[in-house]
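To start, the structure itself, in structure tokens.
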Amino acid sequence: QQLEHKVELRTGELRDMNNELEIRVDELIRLEHWRKELLMNISHDLKTPITLIRGYIEAINDGTIPAADTGIYLKRIYEDIQTINQFVRNLNELSLLESRQLEAKFAVIATEAFFDDTARKWDAFLNLERRPFHTKRLAGSGLFRGDQHLIGRVIDNLIDNALKYSGTGCPITFVFEQTNDAVVFRVIDAGAGIPESALPYVFNSFYRVDKSRNSGIPGSGLGLSIAKEIADMHGGQLTVAPNEENGSGCIFSLTLPLWQSKQQA
Ligand code: ADP
């Protein structure tokens, strides 16, 4: 009976080991799939501007582009190089963030001043672009702890996306509110929005909703994954929801832990 019990125990152990192995193999397969996809995405995103640059240079060399027009094409080459540069910088930043190697400069930041500065900067720019821009400070004036530059990058990215993915007349609203334990920045647009089926994926690296892949709107699908990593490293959250009040558009919310409300400071 004792032997039977031992065999039973051993069988159980082996079954557990087998399950564990299966899980690890599944994980390896998933990682390998992800690595292949990553390489494909990187080469795809680099190929387009490199092909353009090569085409322009060849056409300049063989005279297809008349000498008088060279300036225009040199400018295009420069822009394509900038695209590549930006892409490589984003990739680099994402990998530093993912491996927690990016050195953040944490400081205690006053939300009120941070919100006002960001709002003022965008207001000036959007005025020039003639885009309706509203700001709303709903409540609170607490402090949060973070890297001002990185948090600024997240907000800039959200407003930039709102601009890119909604029509020229569509208003953009930048909101700040404070709860008992968090500060929340929201960027709200009234564009076409993101289909519900795509919402869970928008923070994945390289993910672009179908229409934006084909619409000619430039982008690599890295911005929101970088933004999400930055929110994570601050112990915060970045989320998206449909703009139901308007009927179309998105609400992106960056929630950061409240460091201290001003009264306590
Ligand atoms: P990129 O803009 O470079 O494509 P992002 O990671 O910033 O990459 O965004 C991922 C995708 O999410 C975009 O390609 C777009 O399809 C969608 N998206 C992001 N912001 C918005 C928005 N405000 N309105 C509609 N779609 C958006």
Side-chain angles (χ1 to χ4, degrees), residues 34 37-38 40-49 79-80 82-98 102 118 122 125-126 129 131-136 150-175 184-233 236-255:
W34 177 81
E37 207 167 315
L38 182 78
M40 255 166 51
N41 280 318
I42 294 175
S43 45
H44 174 269
D45 281 341
L46 286 177
K47 220 155 89 186
T48 315
E79 283 163 6
D80 287 326
Q82 292 287 75
T83 307
I84 296 174
N85 201 15
Q86 187 57 41
F87 177 69
V88 173
R89 273 173 45 186
N90 279 345
L91 264 185
N92 189 34
E93 187 160 28
L94 186 60
S95 72
L96 286 177
L97 279 165
E98 277 177 344
L102 191 115
T118 313
W122 277 101
F125 176 73
L126 294 176
E129 299 276 303
R131 292 289 296 254
F133 182 60
H134 309 294
T135 56
K136 267 190 221 162
L150 290 177
I151 295 297
R153 284 268 320 269
V154 175
I155 309 282
D156 288 354
N157 189 255
L158 297 179
I159 300 183
D160 202 38
N161 274 353
L163 277 168
K164 273 201 306 193
Y165 298 110
S166 58
T168 45
C170 281
I172 294 165
T173 312
F174 179 38
V175 181
V184 189
F185 298 101
R186 294 190 212 282
V187 174
I188 305 172
D189 71 62
I194 298 173
E196 205 159 331
S197 59
L199 282 177
Y201 306 107
V202 290
F203 298 107
N204 292 358
S205 316
F206 296 104
Y207 183 83
R208 305 196 76 202
V209 180
D210 247 14
K211 62 182 163 38
S212 67
R213 274 231 170 271
N214 305 318
S215 66
I217 299 174
S220 58
L222 290 176
L224 285 180
S225 30
I226 292 177
K228 178 109 182 152
E229 285 292 335
I230 294 176
D232 284 354
M233 79 188 278
Q237 282 139 6
L238 181 62
T239 54
V240 60
N243 182 356
E244 272 163 5
E245 198 179 310
N246 180 65
S248 73
C250 315
I251 303 180
F252 280 90
S253 305
L254 170 67
T255 307

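We count ligands from 1, going down the list as the structure has it; atoms in each ligand are counted the same way. Just so you know, these numbers use all the heavy atoms, side chains as well, and skip hydrogens, waters and symmetry mates.
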Numbered atoms of ligand 1 (with element) below 4.0 Å of I194, judged on heavy atoms
18 (N), 25 (C), 26 (N), 27 (C)
Under 3.5 Å between any N/O of L224 and any N/O of ligand 1: does that happen in this structure?
yes
Would you mind listing which atoms of ligand 1 come within a distance below 4.0 Å of any non-hydrogen atom of L222?
6 (O), 8 (O)
To the closest 0.5 Å, what do you measure between OG (S225) and CG (L238)?
10.5 Å
Just to be sure I read this right, does ligand 1 sit under 4.0 Å from the backbone of V209, its side chain, both, or neither, counting only heavy atoms?
both
Quick check for you: to the nearest 0.5 Å, what is the distance between L224 atom CG and I230 atom CD1?
11.0 Å
So for I217 against ligand 1, with non-hydrogen atoms under 4.0 Å, the contacting part is neither
Is the closest heavy atom of G191 to ligand 1 under 4.0 Å?
no
Using 30° and 60° as the class limits, which term best fits the ring planes of F252 and F203: parallel, tilted or perpendicular?
perpendicular
Contact check: Y207 vs ligand 1, nitrogen or oxygen atoms, below 3.5 angstrom
no
Quick one: which of V202, D210, L158 has a heavy atom closest to atom 12 (O) of ligand 1?
V202
Could you check T239, I194, V209 and say which one makes a side chain to side chain contact (heavy atoms under 4.5 Å, CB included) with L199?
I194
Ion pair R153/E93, N-O distance below 4.0 Å:
yes
Using heavy atoms and a threshold below 4.0 Å, how should the contact between D189 and ligand 1 be classified: side chain, backbone, both, or neither?
side chain
Whether S248 side chain and G191 backbone form a donor-acceptor pair below 3.5 Å
yes
Can you tell me if E244 has over 12 outside heavy atoms packed within less than 6.0 Å of its CD?
no
Looking only at non-hydrogen atoms, the one of F203, F87, F206, Y165 nearest atom 22 (C) of ligand 1 is Y165
Could you list which atoms of ligand 1 come closer than 4.0 Å to a heavy atom of K164?
1 (P), 2 (O), 3 (O)
Below 3.5 Å, N or O to N or O, backbone or side chain included: is there any such pair between S225 and ligand 1?
no
Can you check whether N246's main-chain N or O pairs, donor with acceptor, with N243's side chain at less than 3.5 Å?
yes
Atom NZ of K228 and atom CG of L94: how far apart are they, to the nearest 0.5 Å?
13.0 Å
Report yes if some N/O of G221 lies less than 3.5 Å from some N/O of ligand 1; otherwise report no.
yes
Nearest non-hydrogen atom to atom 19 (C) of ligand 1 belongs to which of D160, N161, L199?
N161
